[in-house]
Amino acid sequence: MSPGERRRPALAGVALAAILLLALAHTAPFRGYLTDDTFIHLQFAKHLLAGAGFSFNANEPTYGATSPLWVLLIATAGVLVPGSASTPADVSTMPALAWVAKAWGLACLLLAIALLHRLGRRLGWTPGLALVAPFVLAANAWAARWTGSGMETPLAILLVIASLDALARTLIEGRSAWPMGALLGFAFLARPECGLLFMLAAAALLGTAATRGRCIGLVGGAALAVGPWLVTAWHWFHRLLPNTSAAKAGAFGNLELAAAALRTSLRILLATDALPVALAVVGLALAGPEALRRQPPERRAFWIAVAAWPLALVFGLAMGGVQVVSRYLLPALPSLALLGVASMAWLTDRLRAPLRTAAWAALLLAYAGQNGFLTLRYDLPHAIRHTAGLRSSLGEYGLWARRQTPPGTLFALPDIGAFGFYSNRPVLDLFGLVTPGMAPITVGAGYDAVVERLLFQPFGRATYLIDRAQVAGRLARKDDPDDPYRLLESRTIPDLGLTRPGSWFYSLYEVDWAVYDRSHPHLAELKTPVGHGIIMGLPRS
């Protein structure tokens with residue numbers, strides 16, 4: 001072995017360490033970032049730690065957390081953090097559980113980068129080539145943002161990479177499929193959409209000369225990982241999938257919603273990953289069929305599964321009518337990175353060494369530049385504005401409710417996380433996350449109709465309602481004697497998301513149910529007690 005060959009592993013180790021430092025530096029500016037969905041996970045973890053069950057409203061179990069594995073990880077680590085089960089006294093201080101979630105997210109991202117490098121080496125790539133996909137993950141603007149948010153996204157990315165690595169071990173190296181099944185099961189508990197990846201892995205096994213033992217291992221490993229939770233979920237909630245399957249979905253198979261979701265997904269992917277996507281498309285179109293024919297059946301099945309995963313995720317979200325945000329698509333990033341690197345390697349193989357090096361350098365600089373610009377120009381400023389607005393609106397409303405209303409006072413609102421976390425008051429979720437019976441009503445009638453016509457009243461006569469709109473106090477009509485809403489105040493939030501810019505308002509109303517009953521006498525006889533919702537035993541969506 002020449003001196004140069006002996007130095008390569010050491011240089012690769014130094015480069016990998018530099019990539020990990022890049023990920024740390026890219027994520028650090030988002031350490032103060034919080035979203036309303038972050039607080040939903042924190043609320044479930046807080047109640048688990050306090051002995052109030054897997055619940056958003058204390059002692060009212062509900063499958064309102066999309067990522068039960070993430071909640072359990074936060075709660076498990078929270079046991080070691082003093083005061084993690086208590087509610088903060090102000091909104092300016094980062095909650096202890098939020099730091100726990102952010103630490104978990106950073107650890108998952110760093111492990112994902114290291115594991116993606118190992119997967120590249122398992123595929124037979126050179127030490128240098130195996131570093132490119134980890135660089136893509138570390139430099140990705142969406143990955144940095146959502147890792148800093150305290151959401152489950154980096155956990156899902158890690159488990160997808162681990163599942164693909166296990167798939168390569170099983171198909172290419174002939175290893176047992178039990179670890180792959182278990183990892184895919186845990187991925188499903190991190191993000192339900194990862195169930196599609198399980199189906200692709202099963203198809204990859206069946207597409208080769210898979211033994212019965214491997215098929216049993218795949219299913220058995222997944223059952224060991226998911227089975228205990230599914231039994232628990234059925235016992236506690238009488239359902240196997242989270243309420244988000246209904247609350248987030250517009251209407252399955254609605255072509256108009258599907259087209260909108262596809263357009264949004266394309267914009268999100270191209271904003272950060274135009275280069276890997278373009279390389280993957282070119283490589284698959286020009287070299288894909290011939291390259292696959294030359295591969296052994298096991299490698300062919302692996303790469304088909306890798307290529308199918310982003311398509312399955314995007315079209316699965318679209319057919320569900322989901323309002324797509326960037327974190328939903330991040331589990332597809334490992335596949336896009338692997339495909340982009342493989343395509344670039346094929347394209348540059350025809351170049352001489354100096355030109356090949358220049359091409360790779362240009363690609364990496366262009367990718368880093370695109371994502372760095374997105375982070376500095378859009379992502380980071382929005383994260384700062386949004387967190388400040390969330391604290392000053394829903395966070396402050398939560399503190400007001402805790403101080404000014406008696407325990408058990410019911411609030412109806414569309415965004416429940418920060419308010420519920422700070423208020424310690426039960427909520428009626430107008431989008432159905434923790435009030436699942438509301439999901440089909442809001443999907444069918446629309447949010448505006450729900451608040452204007454008080455369509456939530458069969459599920460609880462909330463004493464207060466917090467409306468979200470681009471107009472402050474829009475529900476208070478002083479000239480209408482039948483208007484049950486009395487406006488208390490409005491607070492602004494700069495924007496709700498990169499796709500929903502501009503000022504939005506959260507307006508707090510007291511609800512006069514006597515006025516409502518006077519104008520709806522046929523419903524007055526069916527009324528529920530004011531201030532108390534029928535949260536348990538709701539119709540299942």
Side-chain angles (χ1 to χ4, degrees), residues 33-79 81 83-91 93-105 149-153 155 190 233 236-237 242-244 247-248 387 390-391 393-402 405 407-436 438 460 462 464 466 468 506 533 535-536 538:
Y33 179 40
L34 291 168
T35 73
D36 197 65
D37 285 352
T38 305
F39 283 104
I40 293 176
H41 288 107
L42 302 186
Q43 178 80 336
F44 276 92
K46 182 179 76 172
H47 283 157
L48 273 177
L49 288 167
F54 195 94
S55 59
F56 189 90
N57 294 326
N59 298 307
E60 296 176 357
T62 180
Y63 201 170
T66 308
S67 181
L69 181 58
W70 190 240
V71 171
L72 294 173
L73 287 175
I74 296 172
T76 300
V79 173
V81 180
S84 59
S86 60
T87 303
D90 63 85
V91 299
T93 303
M94 183 71 69
L97 281 180
W99 286 123
V100 171
K102 290 170 181 288
W104 269 123
S149 74
M151 293 293 289
E152 80 287 346
T153 311
L155 173 64
W236 284 352
F237 320 122
N243 298 334
T244 45
K248 293 289 186 184
T387 303
L390 183 65
R391 284 172 161 160
S393 58
L394 292 177
E396 289 291 348
Y397 279 153
L399 292 182
W400 175 87
R402 195 169 75 197
T405 67
T409 301
L410 183 64
F411 286 75
L413 66 164
D415 299 318
I416 62 173
F419 175 84
F421 184 80
Y422 285 107
S423 70
N424 288 344
R425 297 295 181 266
V427 303
L428 193 162
D429 180 8
L430 298 179
F431 278 102
L433 189 64
V434 301
T435 312
M438 280 302 305
Y464 299 93
I466 300 175
R468 181 189 71 202
Y506 287 108
I535 306 299
M536 298 294 291
L538 289 177

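A quick note: this is a predicted structure, and the numbers were derived from the prediction, not measured.
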[atom1] of [X] to [atom2] of [Y]: how many Å apart, nearest 0.5 Å?
X	Y	atom1	atom2	answer
Leu433	Ile416	CG	CD1	5.0 Å
Leu97	Lys102	CG	NZ	12.5 Å
Ile74	Trp99	CD1	CH2	14.0 Å
Leu72	Leu48	CG	CG	6.5 Å
Trp104	Leu155	CH2	CG	8.5 Å
Phe419	Leu394	CZ	CG	8.5 Å

For [X], all residues meeting side chain to side chain contact (heavy atoms under 4.5 Å, CB included), sequence neighbours excluded:
X	result
Ala412	Leu428, Leu430, Phe456, Ala462, Leu465
Ser67	His41, Trp70, Glu152, Ala190
Val81	Ser84, Ala96, Val100
Thr87	Lys46, Arg402, Asn424

Nearest atoms (heavy-atom pairs only) where [X] meets [Y]:
X	Y	answer
Gly150	Ala101	O-CB, 3.5 Å
Pro414	Phe431	CB-CE1, 3.4 Å
Ala75	Leu49	O-CD2, 3.2 Å

My understanding is that only residues two or more places apart in sequence, or in another chain, count here; which of them pass side-chain hydrogen bond (donor to acceptor under 3.5 Å, both in side chains) with Tyr397? none
Just to verify, what does Thr38 make a side-chain hydrogen bond (donor to acceptor under 3.5 Å, both in side chains) with, not counting sequence neighbours? Thr35
Is the side chain of Asp36 donor-acceptor paired with the backbone N or O of Gly417 at a distance under 3.5 Å, no angle test? yes
Ignoring hydrogens and geometry, is there a side-chain-to-backbone donor-acceptor pair from Asp429 to Pro436 under 3.5 Å? no
Taking the side chain as everything from C-beta on, heavy atoms only, tell me whether [X] gets closer than 4.5 Å to [Y].
X	Y	result
Met94	Leu34	yes
Leu390	Val91	no
Phe56	Val427	yes

Over 60° means perpendicular and under 30° means parallel, so tell me whether Phe44 and Phe54 are parallel, tilted or perpendicular. tilted
Here the salt bridge (Lys or Arg N to Asp or Glu O under 4.0 Å) pairs for residues 409-421, sequence neighbours left out, are Asp415-Arg468
Regarding Thr62 and Asn57, do their side chains bring together a donor and an acceptor under 3.5 Å, going by distance alone? no
Applying ring-ring contact (aromatic ring centres under 6.0 Å, His included), name anything that partners Tyr63, two or more places apart in sequence or on another chain. Trp229, Phe237
Contacts of Phe421 meeting ring-ring contact (aromatic ring centres under 6.0 Å, His included) (sequence neighbours excluded), chain-then-number -> Phe39
